[in-house]
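Following: one structure in structure tokens, then a few remarks.
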Amino acid sequence: MSRILAVDDTLALRAMLTECLTRAGHLVTTAGDGAEALERLRADRPDLVITDLNMPRMDGLDFIAAARQEPVGRGLPILLLTSETAPELRRRARAVKATGWLQKPFEPKRMLSLVAQLA
Amino acid sequence: MDDEDDFRTLFFAEARELLDGFQGQLAALESGDGDGDTVHAAFRAVHSVKGGAAAFGFDVLVGLAHEAESVMDALRGAGRAPDAALLSHLMRAGDMLTRLLDAAETGGNVPAAELEDLCNTLRAELPTDPAGAFEDAPGMAEPDMPDAADPDPEPRRVRISPGPDFFEAGHDMLLLIRAARNHGLCAVAVAGDLPPPDRFDPAECPLSWTLTFDDSAPELDRFLEIYADTAEIAGPDPAAAAAPAPAAAPAAAPSAAPAAGPGAAAVPGPPAPAASLRVETVRIDRLVNLVGEVLIAQSVMAQRMAETEVRPGSDLHRALDAMSRQLREMQAQVMAIRAQPVAVAFRRMPALVRDLSAKLDKKVRLSMDGEHTEVDATVIAELADPLTHMIRNAMDHGLEPPEARRAAGKPEQGRIRLSAKHRGDHVRITVEDDGGGIDRDRVLARALEHGILVPGDRPSPEDIDNLIFHPGFTTAETVSAVSGRGVGMDVVRRRIVSLGGRCSLASTPGLGTRVTIALPLTLAVMDGMTVRVGAQKYVLPLSSVVEAVGLDAAARPGRLPDGAPMLERRGAYLRLVSLRRALGLPGADPDAAVAVVIDAEDAGRIALAVDELIGQRQVVLKSLETNYRKVPGVSGATILGDGQVALILDLPRLLAPAARAPAEALT
């Protein structure tokens with residue numbers, strides 16, 4: 001059982017992530033954008049974060065960069081859930097020390113196995 | 001998942017709302033009420049639709065939303081509002097997205113030609129440089145990982161050298177190794193050296209790990225993919241792991257290595273087949289032997305070192321430790337060269353089964369798996385006889401005749417499954433049949449008849465099953481031409497044990513029997529306990545050593561009812577055997593002797609009196625048979641750290657002289 005923070009601005013995806021992770025026995029909290037995610041990060045101290053890339057207020061990359069400055073975010077597994085594949089974005093994700101990518105279309109099995117691997 | 005429909009419904013509702021918003025924003029821009037924020041909001045709307053559609057795999061939706069998004073992104077970046085023509089294209093795109101949404105929900109048709117025309121129109125609106133950040137249409141041509149469609153059946157080695165960002169990016173070697181266990185991890189080796197404390201940087205990792213996965217490793221590439229950005233990963237293939245380990249993880253190498261994983265534009269192609277080289281076996285054997293000798297020399301050095309004044313932790317000690325680690329790594333790699341799949345030993349079995357099937361008039365289907373499991377060539381050579389024996393036994397005694405099977409409601413054709421698997425530093429080989437299982441009443445009766453058990457003994461069902469490993473035990477009503485007379489599973493077990501392995505059996509009455517043998521992955525080296533008797537040193541296989549006890553006055557042995565000396569250990573009375581006498585050496589045991597408690601299989605636990613305990617050490621096995629001749633009770637020889645030759649004792653055979661005769665029959 002891991003505590004997982006799921007960040008996405010789309011309600012349907014948040015619901016799906018929550019359902020899928022909860023069913024696998026994890027404890028899930030959610031946030032609708034990067035800024036909210038930072039607050040949740042400090043309050044909930046999750047074991048792992050799954051975040052969308054493009055979000056209002058603060059996007060996924062800025063969120064990861066900010067999280068890495070926080071004591072709770074250093075060395076925390078943070079997965080980017082995205083449909084983007086551009087090398088430039090990958091490079092930027094590496095630069096902010098994202099843990100890895102979770103490619104859309106969303107594969108619950110893949111996500112759960114990564115969660116088991118990293119948290 | 002079961003509730004996917006619910007999520008879809010939620011997605012469709014949300015996407016419609018977003019598209020309504022998108023049209024509203026476009027209308028605002030058209031009427032001049034919009035500004036930069038409106039452009040941004042419109043971008044976000046199509047982007048969210050695209051993200052959701054990608055999550056549910058609506059590729060057509062993703063494709064168009066992507067084009068619209070790209071246009072909006074370009075506008076946003078340029079800080080300008082769309083002109084009238086572009087606005088009308090975007091509105092058409094909004095309409096089309098709604099129609100595609102309907103089509104996705106109801107399974108209706110997609111107006112393909114119109115869609116393509118629209119996509120092209122939008123694309124034409126983009127700034128001339130098409131190689132922008134969003135050049136790839138995701139979901140359309142998903143450059144997915146070349147999935148492990150053809151799982152490589154060999155055990156695979158992967159070297160992982162964490163880069164400077166590994167830990168900060170949320171990875172943890174301990175978690176990795178723990179998770180790897182679920183992916184068939186069977187061995188871990190560490191290479192590299194920690195710098196002195198004053199130069200130690202906790203963020204950097206000077207170590208690299210070599211993980212060995214067994215043949216069944218599921219989706220290994222996918223498992224490793226997540227680490228590829230922040231660690232250097234060599235493998236998974238046996239050849240790559242053989243390359244020398246880098247002294248330290250190179251800084252920021254990842255950008256130079258485009259093997260980043262899936263989704264990256266430069267997806268690594270299928271690995272080129274490893275170049276191979278044919279080498280005579282004798283050369284490899286010589287190399288294996290040499291590495292063995294070097295290991296011996298190194299252990300002598302370590303021993304001498306301990307006797308000097310050099311304080312532990314000094315540079316010299318550290319250098320020696322580093323060398324010993326590298327030597328062990330080298331040994332593992334050299335052994336890997338000589339590894340062979342057990343298929344080599346399995347190959348003869350189908351013919352054997354066909355042959356026996358005709359002789360015994362039993363229909364049998366043989367299935368094999370794990371035949372790609374690799375073990376050292378020395379083990380392969382030793383496998384053939386026990387395997388033949390186990391298969392014969394399963395066919396002769398395990399499987400019932402066709403009529404009996406019919407009566408029991410089973411298919412006439414019996415099944416035998418032969419499988420191999422890596423488990424830790426052992427290879428486990430199993431022969432299973434779906435026959436009648438062991439007839440415990442008959443075994444019990446036979447055991448009483450032979451005096452193996454005495455009336456009043458209350459053995460458990462498992463104990464009874466395992467009686468078939470007892471020397472000379474056979475329950476065949478008539479001695480058949482197939483399994484021979486009185487040569488039963490005890491022969492298999494004795495052979496396996498003398499090689500440092502184990503045997504076990506599980507049987508379910510009416511359903512079948514499973515015999516499992518576990519053998520070390522190599523017979524070239526062995527962990528042994530060195531002891532001294534008189535002027536000679538002997539090596540006992542560590543796998544049979546339970547503990548060592550000083551025979552001082554306090555533990556002075558007593559006598560068993562039959563007059564034999566005995567030793568009390570934790571409430572159990574162990575027969576105390578003088579190794580000197582068992583070996584037929586002259587002289588008497590000294591007063592200050594030591595007893596090594598060993599598990600001698602058939603003979604149970606025995607305390608073995610020796611003059612001195614020298615220590616535990618990995619020894620390199622030399623065949624006595626090829627260098628001299630076969631000696632009962634001795635499984636081989638080795639050269640010790642001080643240059644002396646020591647015999648390696650085959651304890652069960654040495655200590656059970658009565659059972660010696662049938663053991664010869666196997667060879």
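Everything numeric in this text was worked out from a predicted model, so none of it was measured. Reminder, nothing fancy here: chain letters follow the sequence lines and each chain counts from 1.
- Within the 4.5 angstrom heavy-atom criterion, only side-chain atoms of B:Y227, from C-beta onward, approach chain A.
- Heavy atoms closer than 4.5 Å to chain B are found in both the backbone and the side chain of A:L118.
- When the candidates A:A93, A:A116, A:P56 are compared by the number of heavy-atom contacts under 4.5 Å with chain B, A:P56 comes out ahead.
- Judged by distance alone, with hydrogens and angles left aside, the side-chain atoms of B:E168 form no donor-acceptor pair with the main-chain N or O of A:R74 at under 3.5 Å.
- A donor-acceptor pair under 3.5 Å is absent between the side-chain atoms of A:Q117 and the main chain of B:A179, judged by distance alone.
- Most heavy-atom pairs under 4.5 Å with chain B, from the set A:A119, A:G75, A:A98, A:P77: that is A:G75.
- Judged purely by atom type and a 3.5 angstrom limit, A:T10 has no side-chain atom pairing as donor or acceptor with the backbone of B:G52.
- Across all their heavy atoms, A:W101 and B:I226 have their closest contact at N-CD1, 4.1 Å.
- At a threshold of 4.0 Å, the pair A:R94-B:D165 does not count as salt-bridged, since none of the basic side-chain nitrogens sits closer than that to a carboxylate oxygen.
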In residues 15-22 of chain B, what donor-acceptor pairs under 3.5 Å come from side-chain atoms, sequence neighbours left out?
residue	atom	partner	partner atom	Å
B:R16	NH1	B:E105	OE1	3.3
B:R16	NH2	B:D102	OD1	2.7
B:R16	NH2	B:E105	OE1	2.8

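- Each of A:D9, A:D52, A:N54 was evaluated against B:S48; a single residue qualifies, A:D9, per the side chain to side chain donor-acceptor pair (under 3.5 Å) test.
- A salt bridge between B:E225 and A:R110 is present, with a side-chain N of the basic residue lying under 4.0 Å from a carboxylate O of the acidic one.
- Across every non-hydrogen atom of B:G51 and A:L13, the tightest pair is O-CD1, 4.5 Å.
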Candidate pair B:F166 and A:T99, rule side-chain contact (heavy atoms from CB on, under 4.5 Å), full reasoning: CA-CA 8 Å; B:F166 186 77; A:T99 306; over 6 Å; no
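- Heavy atoms of A:L79 lying under 4.5 Å from chain B belong exclusively to its side chain.
- No part of A:L81 comes within reach of chain B, as not one of its non-hydrogen atoms sits under 4.5 angstrom from that chain.
- In this structure the side chain of A:L11 never reaches within 4.5 angstrom of the side chain of B:F11, judged on heavy atoms.
- When all heavy atoms of A:M16 and B:A55 are compared, the pair lying nearest together is CE-CB, 4.4 Å.
- Contacts classified as side-chain hydrogen bond (donor to acceptor under 3.5 Å, both in side chains) and involving residues 55-64 of chain A (residues at least two apart or in different chains) are given here: A:D33-A:R57.
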